[in-house]
Amino acid sequence: MKPSNEEPYGYYPGCSLEKNALAYNESTSAVANVLGLKFEEVADWNCCGASEYLALDILPAYALISRNLALAASSSGSHSLVAPCSACFLNLSKVDHQMAEVPALASQVNEALAAGGLSYQPGSITIRHLLDVFVNDVGFDRISSLVTHPLYELRVAPYYGCLISRPDYEGVYDSPEYPTGLDHLMTALGAEVVDFPLKTHCCGGHMTQISEPVALELIRRLLQNAHEYDADVIATLCPMCQLNLDVYQEHVNHAFGTNYHIPILYFTQLIGLALGIRAKELGFGREFVSAKRALAKIGKARPAPKKKRKPSKEALPMPQATEVEYR
Amino acid sequence: MKQERIGVYVCHCGSNIAGTVDVGQLSSWAADALEKRGVVVARDYKFMCSSLGQELIKSDIVELSLTRVVVAACSPHLHEKTFRTACQQAGLNPYLMEMVSLREHVAWVHSDKALATQKAKALISGAVERVALHEPLDPISVPIEATTLVVGAGISGIQAALEIADAGQKVVLVEREPSIGGHMAQLDKTFPTLDCSACILTPKMVTVGSHPNINLLTWSEVEAVDGFVGQFTVTIRKKARYVREDVCTGCGICMEKCPSKLIDQVYEAGLGYRSAIYRPFPQAIPKYPVIDKANCIYFQRGKCKACQLFCPTTPNAIDFEQEDQILQLTVGNIILATGYDLFDARRIPQYGYGRLANVFSSLEFERLCNAAGPTEGKILLRDGVSQPESVGIIHCVGSRDRNYNNYCSAICCMQSLKFAHLVKERTGAKVTNFYIDIRTPYKDYDEFYQHVLQEKVEFVRGRVAEVTDAARRPGEEGKLIIQVEDTFIGKQRRIPVDMVILSAGIEPRHDSKEVSRKFGISCNGSGFFTELHPKLDPVATMSKGIFIAGCAQGPKDIPASVVQGAAAAARVLGTIQQKSLDLEPVLAQVIDQKCSGCRICSNLCPFNAIGFDLERQISTINPALCQGCGTCVSACPSHAISGTQFSTEQILAQLHGLLAESFNGNGARTQSPAFSQAELV
Amino acid sequence: MPSTNVTTIPTDQPDPFVTRSFLEEVVDAVPGDPRLTACLQCGTCGGSCPSGPDMEHTPRQLFAMINAGMRAEVLRSNTPWYCVSCYFCMARCPQKVQITDIMYALKRKAIEDGESRSSSAADAPKFSEAFVNFVENYGRSFELGVAARFHFVQHPGEALKMATSIGIGMMRKGRMDLTPTRIKGVKQLQTILDRARELGGTA
């Protein structure tokens with residue numbers, strides 16, 4: 001649900017944005033200022049438990065998450081809760097969804113919340129990811145109209161990761177496998193978008209902590225694919241994805257004898273650049289793999305449209321949604 | 001009012017009813033408690049439907065002078081006819097019998113014997129009250145028009161039309177494409193015998209085209225259906241061909257000269273091209289081309305007329321002035337054989353169809369194999385030049401999957417085995433089939449599987465997770481990688497291939513729901529037409545005189561489609577033979593004086609049975625179409641519709657009887673969930 | 001690492017066909033109906049899993065083992081701990097089995113039964129515990145603390161070096177705190193969590 005003009009978005013930054021994903025937080029608020037988006041942080045929110053608490057104890061894990069939902073629902077003025085972190089987004093929407101589906105679970109969670117003087121009615125707020133706000137509320141046209149420094153010639157691989165696309169409890173994304181919202185958003189900024197085959201594949205999540213060889217292999221696959229598609233940068237929307245691909249990139253190079261140098265940037269940082277916000281305000285410089293070289297590539301003028309290679313005479317047509325004329 | 005003499009008969013149905021309901025107690029209770037309501041006899045018996053059971057009823061009717069009968073047994077769907085006939089044989093009007101569905105409504109849905117027996121009492125009590133108000137009725141007889149309409153001229157419709165025409169009756173065969181033949185005309189070989197599809201289909205097509213008893217209407221669609229069994233009035237739009245059938249020789253020069261070429265999405269499954277004036281394939285019946293107006297340069301821009309210019313016949317066969325024709329025909333029966341749509345594999349993005357060039361759909365592959373197809377039968381990659389050295393065939397695409405279609409499409413296993421054989425035979429490539437289960441029932445099917453196994457086709461048991469071009473390790477570059485769990489070894493495998501064939505499933509036609517409404521029949525949740533009985537009446541529908549055949553009824557292969565086409569024809573010929581048909585007299589009637597002409601009823605009628613008398617401004621009910629469902633009776637705001645056998649008085653009497661027994665103060669009131677206080681008011 | 005893929009059907013207890021208790025137990029440990037009994041054994045999950053190649057059993061195999069009552073083998077498997085929660089299996093499963101949620105339930109059971117200690121992924125629960133410990137005490141996660149508690153204790157040597165190098169890099173880039181943040185309502189949170197723990201099991 002799109003909040004009315006007066007109604008701010010409830011905002012749940014999550015632990016990562018406080019520190020390791022500071023660049024995400026900084027760029028989000030800088031961009032929000034320009035676009036006039038109002039985010040109201042949930043007072044005294046707590047950690048969502050990431051993917052760890054559920055492994056140990058179910059009801060406390062749900063109670064931990066639902067405390068945030070209860071606080072967000074009781075704070076005046078907003079019916080939506082926006083999380084920029086995909087893991088937080090998933091946890092919040094998972095609990096909201098399952099409480100609605102399983103009334104027995106909802107009553108147990110509420111019994112626990114009651115001990116702290118709180119309660120939460122499932123469905124009373126809409127849980128949203130930050131990308132959803134940009135794609136569906138702000139819209140490509142508005143963004144595009146505000147672009148002052150288009151990202152011409154920058155080849156961006158849009159990387160959604162897992163938890164925004166799947167399991168999509170809120171049912172807002174176009175596909176659990178091949179979503180396109182971020183692609184269109186990057187196109188609106190003037191960037192050259194790579195049709196990134198691994199756009200919703202896993203960054204390794206917490207596997208860096210459990211089994212490093214497994215994690216490094218997962219990260220390698222993504223970097224290899226982005227490299228093969230000549231991506232200058234990977235645009236991400238999740239602190240965990242950014243951390244794994246950025247911070248561990250050097251380790252991947254070391255372990256596999258590769259030499260990848262692909263900066264991993266938050267999509268909000270790229271929006272900020274295109275809107276003409278200074279790089280410093282957008283948290284640039286915090287990335288391990290420096291974005292300087294890639295950003296220097298951004299062209300001054302709109303590149304000439306690439307000529308579509310005419311298919312050879314023998315070639316068979318690709319499957320089409322509608323009939324096309326052929327001469 | 002004269003007290004009726006009612007007999008109540010409780011069936012044990014073996015243990016089906018007797019296992020859950022105390023049938024002995026039930027019959028003695030009925031004799032006792034319902035005596036003052038007119039019950040003069042109540043009996044229970046092991047199988048009421050047996051000859052001996054029927055005898056019981058018959059002799060009571062005669063000896064005890066029964067005027068009404070209540071049979072508490074199974075659903076009226078099954079044995080209403082049996083007991084009505086028994087009554088009739090004993091001299092009682094058959095419509096003075098009422099059935100209580102003890103088995104389906106009580107025994108099979110409850111477990112507590114005491115409560116179930118209590119519910120049974122309530123239902124019998126209601127039936128006794130109601131049957132007293134029944135009236136003797138006589139069946140309605142309608143004449144049967146001998147001409148039959150067959151909709152859809154794929155193999156099933158062709159078979160049905162030929163069976164009827166060969167038996168000497170007239171058929172109107174309507175097909176919306178420019179040619180008959182359907183999907184079968186697109187195929188190369190047919191399993192399990194590998195006959196050439198065209199070789200076995202075209203003789204039938206030719207026969208249809210020249211049969212004196214078949215009026216073939218291609219490039220035509222049914223717009224409306226009115227009337228009822230025996231006397232349907234159908235309105236058919238015969239779309240303008242812009243080609244004069246009386247002079248066109250079918251030489252094909254116009255198609256060669258037409259400058260507008262486009263991808264043929266129908267016959268070539270998107271893999272080949274056709275011109276704007278086209279005949280889908282060389283053996284098309286009829287041979288005359290059609291102009292596809294939306295892609296014709298003359299129609300769109302007002303200039304061109306190349307086809308007319310080059311047409312060698314005199315007078316010229318191209319006629320841009322032609323207009324659609326609307327035909328009205330009377331037919332006695334209708335067979336719907338409208339076929340299927342192929343599942344659109346783009347809906348499963350992880351298989352890459354539409355994005356990765358060398359992923360092909362099953363119909364695309366059929367066209368690749370077909371000598372009349374875009375590659376003249378050469379199995380080539382999308383570049384149209386290279387031959388694949390390795391091919392992966394994925395089964396169950398869009399079938400057996402709750403995310404898409406939760407049913408088995410029935411043809412894909414055999415089709416995939418056929419593909420594997422064709423690839424092996426024609427290219428020698430390495431072929432791997434990916435499957436969940438191999439389903440090869442029916443004659444010679446499993447033998448075909450065995451044969452393919454011996455051709456060194458590889459099989460991996462596992463539903464494919466994804467097809468990708470993202471190489472991960474050496475040997476994968478430039479290939480399509482099929483990622484799958486090989487479930488026999490419990491390991492994830494990545495198998496690089498040059499070509500992937502998706503054995504896509506069968507879906508109902510995109511407009512099947514619309515068509516079902518037009519013809520007044522029903523669809524299941526997926527959109528396949530619903531048969532009257534899944535086992536015992538597989539080609540009839542709830543609407544008398546309308547039959548279904550082929551994939552429109554559910555996924556099936558060619559032999560099964562032919563069988564259904566023939567079966568539907570046999571059913572139609574049977575009714576034609578009878579010349580007239582007795583219809584159930586249980587139906588709704590409009591009380592003219594009360595009808596305000598609001599037409600609420602006509603929109604609700606599931607059988608399109610309610611028309612409107614413009615002159616008198618009232619609704620009228622067609623007795624032959626009305627199935628007596630009662631929807632209009634309850635919907636009419638001015639109580640202007642009454643149902644014979646379900647009048648308001650009868651329904652209230654039944655409720656009265658029912659509730660009297662549900663609230664008789666013995667505790668059932670709070671325990672019986674079937675009837676709540678709320679329903680009283 | 002214990003030998004992988006050695007699986008035995010227990011012979012010292014009634015056939016699981018008779019009892020089916022483990023299957024029911026797993027089903028009960030997931031909120032709602034996980035649809036585990038609807039599994040077709042098609043392998044979509046095992047084929048889709050990013051860490052599938054490194055799992056001792058694919059999820060599909062694990063489900064068959066649950067069905068066969070192979071409790072100890074299931075709970076000792078590294079599979080649930082190697083689940084990266086990417087939800088590919090769940091999005092693609094043709095039977096809509098709630099696979100990721102079942103994996104969480106198996107992790108909880110493995111810890112409860114003490115079987116996780118015999119797993120090749122025995123360290124994994126300790127990471128979760130270290131993480132959760134900070135959350136329970138501060139209301140927020142604390143990366144440096146988790147790293148210290150987990151890596152420095154569990155992983156001497158190579159891993160430690162790497163963790164240290166990353167830690168230093170993170171601090172230089174201003175991406176890591178030296179001290180944890182405590183929320184104001186930490187007492188309230190703890191009361192809620194205590195009550196939840198008392199209430200115990202799943203719905």
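Here is the naming used below: chain letters follow the sequence lines, and residue numbers restart at 1 for every chain.
- The contact between A:L218 and chain C is made entirely by side chain atoms (from C-beta outward), counting heavy-atom distances below 4.5 Å.
- Neither the backbone nor the side chain of A:L71 has a heavy atom closer than 4.5 Å to any heavy atom of chain C.
- With a threshold of 4.5 angstrom between heavy atoms, A:N68 does not approach chain C through any atom at all.
- Between C:S85 and A:L163, the closest heavy-atom pair is O-CD2, 3.1 Å.
- By the 4.5 Å heavy-atom criterion applied to side chains, C:Y104 and A:S51 are counted as neighbours.
- With chain C as partner, the option from A:L90, A:T208, A:D168, A:V109 having the largest number of non-hydrogen pairs under 4.5 angstrom is A:L90.
- Aromatic ring centres of C:F131 and A:H206 lie farther apart than the 6.0 Å criterion allows.
- Contact check for A:P167 versus C:Y87: side-chain heavy atoms found under the 4.5 Å cut-off.
- With respect to the salt-bridge test (charged N to carboxylate O, under 4.0 angstrom), the residues C:R182 and A:D44 do not qualify.
- Counting only heavy atoms from C-beta outward, the side chains of C:Q188 and A:L113 never approach each other to under 4.5 Å.
- Residue with the most contacts toward chain A among C:G169, C:A105, C:P80: C:G169 (heavy-atom pairs, distance under 4.5 Å).
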Worked verdict on C:Y138 versus A:N46 for side-chain contact (heavy atoms from CB on, under 4.5 Å): CA-CA 9 Å; C:Y138 294 90; A:N46 55 258; over 6 Å; no
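- In this structure, CD on C:E198 lies 11.0 Å from CG on A:L59, to the nearest 0.5 angstrom.
- Annotation: A:E250, atom CD; neighbour count of heavy atoms from other residues, nucleotides and ligands within 6.0 Å does not exceed 12.
- Each of C:T191, C:L193, C:D194 has some count of heavy-atom pairs under 4.5 Å with chain A, and the biggest count is that of C:L193.
- Formation of a donor-acceptor pair under 3.5 Å by the C:D54 side chain with backbone atoms of A:V214 is not found in this model.
- Between A:E111 and C:R195 there is a salt bridge, with a side-chain nitrogen of the basic residue lying less than 4.0 Å from a carboxylate oxygen of the acidic one.
- The distance from the CG atom of C:N78 to the OG atom of A:S211 is 8.5 Å, given to the nearest 0.5 Å.
- In this structure, chain A has a heavy atom under 4.5 Å from the side chain of C:E136, while its backbone stays farther away.
- Checked by atom type and distance alone, the side chain of A:R286 pairs as donor or acceptor with a backbone atom of C:K173 at under 3.5 Å.
- Taking CG of C:D101 as the reference point, atom CD1 of A:I58 lies at 7.5 Å (rounded to 0.5 Å).
- A distance of 11.5 Å separates NZ in A:K19 from CG in C:L144, rounded to the nearest 0.5 Å.
- Ion pairing between C:R92 and A:E177 holds under the 4.0 Å rule for side-chain N and carboxylate O.
- Side-chain atoms of C:R140 never come within 3.5 Å of backbone atoms of A:E18 as a donor-acceptor pair (strictly under, hydrogens ignored).
- A 4.5 Å side-chain heavy-atom check between A:D57 and C:R108 finds every atom pair outside the cut-off.
- A:L54 touches chain C through backbone and side chain together, each having a heavy atom under 4.5 Å away.
- The closest donor-acceptor contact from the side chain of A:N20 to the backbone of C:M176 lies at 3.5 Å or more, if one exists at all.
- For the atom pair C:M90 CE and A:R166 CZ, the distance stands at 11.0 Å (nearest 0.5 Å).
- The residue among A:A115, A:S16, A:G14, A:P60 with the most heavy atom pairs within less than 4.5 Å of chain C is A:P60.
- By the 4.5 Å heavy-atom criterion applied to side chains, A:L56 and C:E129 are counted as neighbours.
- For chain C, no part of A:H254 is nearby; none of its heavy atoms comes within less than 4.5 Å.
- Of the listed residues (A:C162, A:A114, A:G161), the greatest number of heavy-atom pairs within a distance under 4.5 Å of chain C belongs to A:C162.
- Judged by distance alone, the side chains of C:D123 and A:Q209 never bring a donor and an acceptor atom under 3.5 Å apart.
- For chain C, no part of A:S165 is nearby; none of its heavy atoms comes within less than 4.5 Å.
- The most heavy-atom pairs under 4.5 Å with chain C, out of A:G205, A:C202, A:A21, come from A:C202.
- Between chain A and the options C:F127, C:Y82, C:F88, the largest number of non-hydrogen pairs under 4.5 Å is found for C:F88.
- Both the backbone and the side chain of C:I166 come within contact range of chain A, each with at least one heavy atom under 4.5 Å from a heavy atom of that chain.
- The nearest pair of heavy atoms linking A:A55 to C:I111 is O-CD1, 3.6 Å.
- Side chains of A:H201 and C:C86 form no contact here, defined as non-hydrogen atoms less than 4.5 Å apart.
- Taking both residues in full, the closest heavy atoms of A:L105 and C:P31 are given as CD2-CB, 4.0 Å, listed atom of the first, atom of the second, then distance.
- Per-residue heavy-atom pair counts under 4.5 Å with chain A were compared for C:V146, C:T181, C:T100, C:V135, and the maximum is reached by C:V135.
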